[in-house]
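What follows is one structure encoded as structure tokens, with my remarks underneath.
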Amino acid sequence: MGGRAYLRGIGAFTPLGKTWPEAARALAEGQVAVQKVARFDVTGFPCAVAAEIADVDRGEAERAGDRRLVFALAAAREAWRQARVEVQSRRLGVFIGAESGRTTFATLLRLAAAGGGQPLFDHAMFGAEATKIASEIDALVASPAAVAAAIAGELGAEGPVQTISLACASGSAAIAEATRAIRLGVCDAAICGGVGADVDPLMFAAFGLLGALSARGASRPFDARRDGFILGEGAAMAVLSSERGAPEVEIEVAGIGRTLDAYHLTAPDPAGDGAFRAMRAALLDARLSAVDYVQAHGTSTPLNDAVEAAALRLVLGERIAEARVSSVKGAMGHWIAGAGALGFLCGADAIVTGTLAPTAGLVHPDQGCELPHILGEAIQKEVHSALINSFGFGGANCSIVLRRAS
Amino acid sequence: VTVARFARPVAVASVGAVSGLGFEWRGLGAALAESAFSFGEAAALKASHPGALASEVPAIPAAFDAGDARQHKLMARGARLAAVAARRALAGTTLAGARDGVGYYLGVGASGGAMSDLLAVIQASLDGDHISIAKLGDKGLSATNPVATFQLLNNFMMCHSAILEGTGGPNGTFFSRGAGTVLALMEAVCAISEGDCLGALAGGADSALHPVTWAELLREGYAERGLVPGEGACVLALAPATDAEAPIAYIDHCSIHWAGGPASPLDLSGLLEGIQSFTDSASPQPRVDLVVLAPWGDRAREALRAFARSSFPEAPMLDSTARLGDALAATPALAWAAALDQIACGAARRALVLSAGIDGQVGAVVLSKDAARRGGLQ
């Protein structure tokens with residue numbers, strides 16, 4: 001691969017701020033977005049808290065038809081404004097990590113009613129009603145591809161438009177895809193990132209039943225008392241370009257690594273081999289053997305954090321001491337398809353500002369999770385390189401190395 | 001134009017395909033040329049849409065199956081079919097011995113679970129004539145089938161078979177409304193060419209036989225315009241040409257062309273030039289002697305047929321959906337299998353496979369019996 005991918009702009013729509021500077025400031029101050037869910041009644045659910053964006057303009061959400069679109073478009077606009085990239089529309093790509101949108105309860109109810117509303121689904125009755133029912137399913141909203149299509153439409157991007165669905169690794173995998181496309185000369189610039197809007201009754205039910213959510217209602221990555229993750233929501237977007245800009249600090253996506261655990265649908269390989277190989281591949285790609293900062297996947301689940309910590313120690317060896325490690329999920333929860341992109345922004349911000357936010361909720365690092373954590377409050381450190389990890393349900397792993405461009 | 005640029009030739013080492021015609025990829029090409037055949041009634045749609053004709057995968061024989069009964073219960077239909085195709089593709093290749101280094105890229109459609117699972121949750125959550133979130137938290141949770149989560153995540157279309165086969169390399173699932181499956185092939189080819197993986201699986205898996213999917217296709221008028229729902233999966237095992245023993249063919253060219261967008265007629269006026277612009281003039285290639293079409297719906301079919309007739313008037317033309325139905329994200333990959341079948345049996349040396357979906361993008365893949373550095377068309 002010949003080309004290089006430079007970071008030109010970032011944008012975010014988060015529970016701690018509707019722009020990235022607002023969110024970054026809040027993170028540096030140690031703010032935490034996790035609180036009792038306000039949008040729906042959580043009585044009886046396995047977890048009652050989330051990092052929720054509560055004050056979304058209802059009219060805007062209804063016009064968009066999907067919260068994902070509100071979040072993602074806002075973040076993309078911010079990143080695009082900052083980037084000030086001049087590129088032909090056919091050389092501008094869009095690479096978005098997203099899962100399916102949410103069909104409304106009203107539609108679900110109609111689907112059930114069309115099936116007879118009895119304990120056994122009446123397929124014959126459903127068939128007779130099917131066309132009418134289908135007219136209420138807005139595929140453009142429910143489709144994972146809706147987000148990338150909306151961004152491409154608004155910004156007039158006519159280059160490659162990709163939707164990557166890799167669960168919790170979707171956002172960072174989308175950034176990795178954009179990097180590859182620019183390196184290969186497929187496009188000259190790309191809007192990339194991820195979005196998650198899973199503070200939703202059905203996702204609460206699904207993840208709760210899997211036992212993945214924190215019963216204590218706290219996100220505590222790497223802490224001895226961690227017992228599951230907290231759902232969050234938001235969008236994080238970046239603009240990459242083959243051309244350098246003129247910011248004070250230039251950043252390059254220097255390394256990408258992607259692997260599969262091929263082990264279990266929800267649990268990581270306890271040996272951490274897939275995570276290790278992803279990080280090693282990203283570091284090799286960047287020609288680095290150490291980094292100054294690690295934005296860990298750090299979900300706050302017992303097994304994931306221990307596996308990631310062990311893999312990090314293995315891949316960086318003694319040079320782990322040169323790095324500082326934190327996870328934004330303590331403050332912002334787990335954005336699922338948007339998580340990796342949020343981590344990417346944290347890594348970029350660390351290089352630009354030298355401000356490294358702490359891992360909220362981490363007070364007593366667990367045995368087995370020993371790392372040079374950032375506890376309590378933000379620190380200042382000159383950061384030349386950052387490693388960002390995302391490890392998804394199903395075993396997909398993606399690691400990215402950002403580096404100050406020389 | 002999005003085009004795969006690869007310095008090292010990439011070979012198709014093996015193929016696994018599951019379709020309405022069964023579990024063999026050999027014979028698919030010849031089957032597309034048959035004029036006398038009839039689609040059968042879809043068992044999967046029999047209850048909701050009795051009499052609907054389809055190209056439906058027959059019961060999976062144990063000898064071809066991947067995973068056990070418990071794992072099957074966790075799989076959406078597309079995931080189950082992908083698992084069978086991936087196992088067949090890997091079997092017999094040298095990749096089977098180094099699975100940690102094998103990539104996996106799959107074009108997938110909407111994932112779907114059993115309607116009865118949905119109904120159970122809603123029934124338990126009803127308060128009068130509306131869904132109560134309080135009741136969902138109270139009664140609905142206990143009625144929810146946790147297995148549904150595994151069926152609904154799109155990436156699990158790939159992850160099930162990756163776990164079963166132990167493929168640990170770079171990977172991606174691309175949501176496909178036409179071009180995503182071609183993108184999966186492009187990514188695999190690039191990953192191999194760049195040395196990111198020793199080899200890779202690439203393909204597509206999908207089913208149009210879920211009651212809700214078919215209802216949506218009915219609503220959009222596809223059935224009235226002749227679309228026959230299908231299902232299937234096809235996975236190619238790819239390897240660097242230098243490593244492949246007795247390769248079936250080589251990937252000469254792989255590109256995706258913007259042809260107008262979802263709402264407008266397909267504009268293929270620049271397609272031929274677009275593909276030819278990547279011709280390596282220093283390495284002249286044999287003529288394309290077969291064109292296989294993989295259209296999603298009548299609009300795409302008509303446009304692709306017109307393009308093929310005018311651009312390659314001497315090459316025989318096959319339409320994969322004519323015999324295999326429309327298997328959505330699986331269709332482009334099944335068309336590759338048909339082309340490879342024709343190459344393997346000596347009926348063609350160089351095949352162009354054109355796919356077009358509802359996203360207004362056209363995929364172009366050239367498969368060749370002869371190794372090429374980088375191919376365009378003549």
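Computed from heavy atoms alone, side chains included, the values below leave out hydrogens, waters and symmetry copies. Naming convention: chains lettered A, B, ... in sequence-line order (proteins, then strands); numbering from 1 in each chain. No experiment lies behind these values; they were computed from the predicted model shown.
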Apply side chain to side chain contact (heavy atoms under 4.5 Å, CB included) to residues L184(A) and E194(B) and explain how you reach the verdict.
CA-CA 10 Å; L184(A) 289 164; E194(B) 291 159 23; 3.1 Å; yes

Answer with side chain, backbone, both or neither: which region of [X] has an atom nearer than 4.5 Å to a non-hydrogen atom of chain B?
X       : result
T43(A)  : backbone
A173(A) : neither
D269(A) : neither
F45(A)  : both
F393(A) : both

If we define contacts as heavy-atom pairs under 4.5 Å, which of A262(A), G44(A), A396(A) has the most with chain B?
A262(A)

Out of H264(A), R90(A), R277(A), which one racks up the most heavy-atom pairs below 4.5 Å with chain B?
R277(A)

Rounded to the nearest 0.5 Å, what's the gap from OG on S143(A) to CZ on R177(B)? Could you check?
5.0 Å

CG on L183(B) to CD on Q162(A), rounded to 0.5 Å
4.0 Å

Is it the backbone or the side chain of [X] that comes under 4.5 Å from a heavy atom of chain A, or both, or neither?
X       : answer
M158(B) : side chain
C190(B) : both
I122(B) : side chain
E187(B) : both

Any F174(B) side-chain heavy atom under 4.5 Å of I164(A) side chain
yes

Taking the side chain as every heavy atom from C-beta outward, state whether P160(A) and I256(B) have any pair of such atoms under 4.5 Å apart.
no

Would N171(B) and L166(A) count as a side chain to side chain contact (heavy atoms under 4.5 Å, CB included) here? Give the steps.
CA-CA 9 Å; N171(B) 58 90; L166(A) 279 176; 3.7 Å; yes

When [options] are compared by non-hydrogen pairs under 4.5 Å with chain A, the top option:
options                   : answer
V108(B), T173(B), L126(B) : T173(B)
A162(B), A124(B), G169(B) : G169(B)
V102(B), L136(B), V121(B) : L136(B)

Heavy atoms of other groups near K46(B) NZ, more than 12 under 6.0 Å
no

Is it the case that over 12 heavy atoms from other parts of the model lie below 6.0 angstrom from the CD atom of E41(B)?
yes

Could you pull out the closest heavy-atom pair between [X] and [Y], with the gap in Å?
X       : Y       : result
S165(A) : N155(B) : O-CB, 2.9 Å
C159(B) : G394(A) : SG-O, 3.4 Å
D196(B) : R180(A) : OD2-NH1, 3.2 Å
G168(B) : T259(A) : O-CB, 3.4 Å

Stepwise side chain to side chain contact (heavy atoms under 4.5 Å, CB included) test for D273(A) and D100(B):
CA-CA 10 Å; D273(A) 183 57; D100(B) 249 12; 3.4 Å; yes

Would L265(A) and F156(B) count as a side chain to side chain contact (heavy atoms under 4.5 Å, CB included) here? Give the steps.
CA-CA 8 Å; L265(A) 289 173; F156(B) 279 27; 3.9 Å; yes

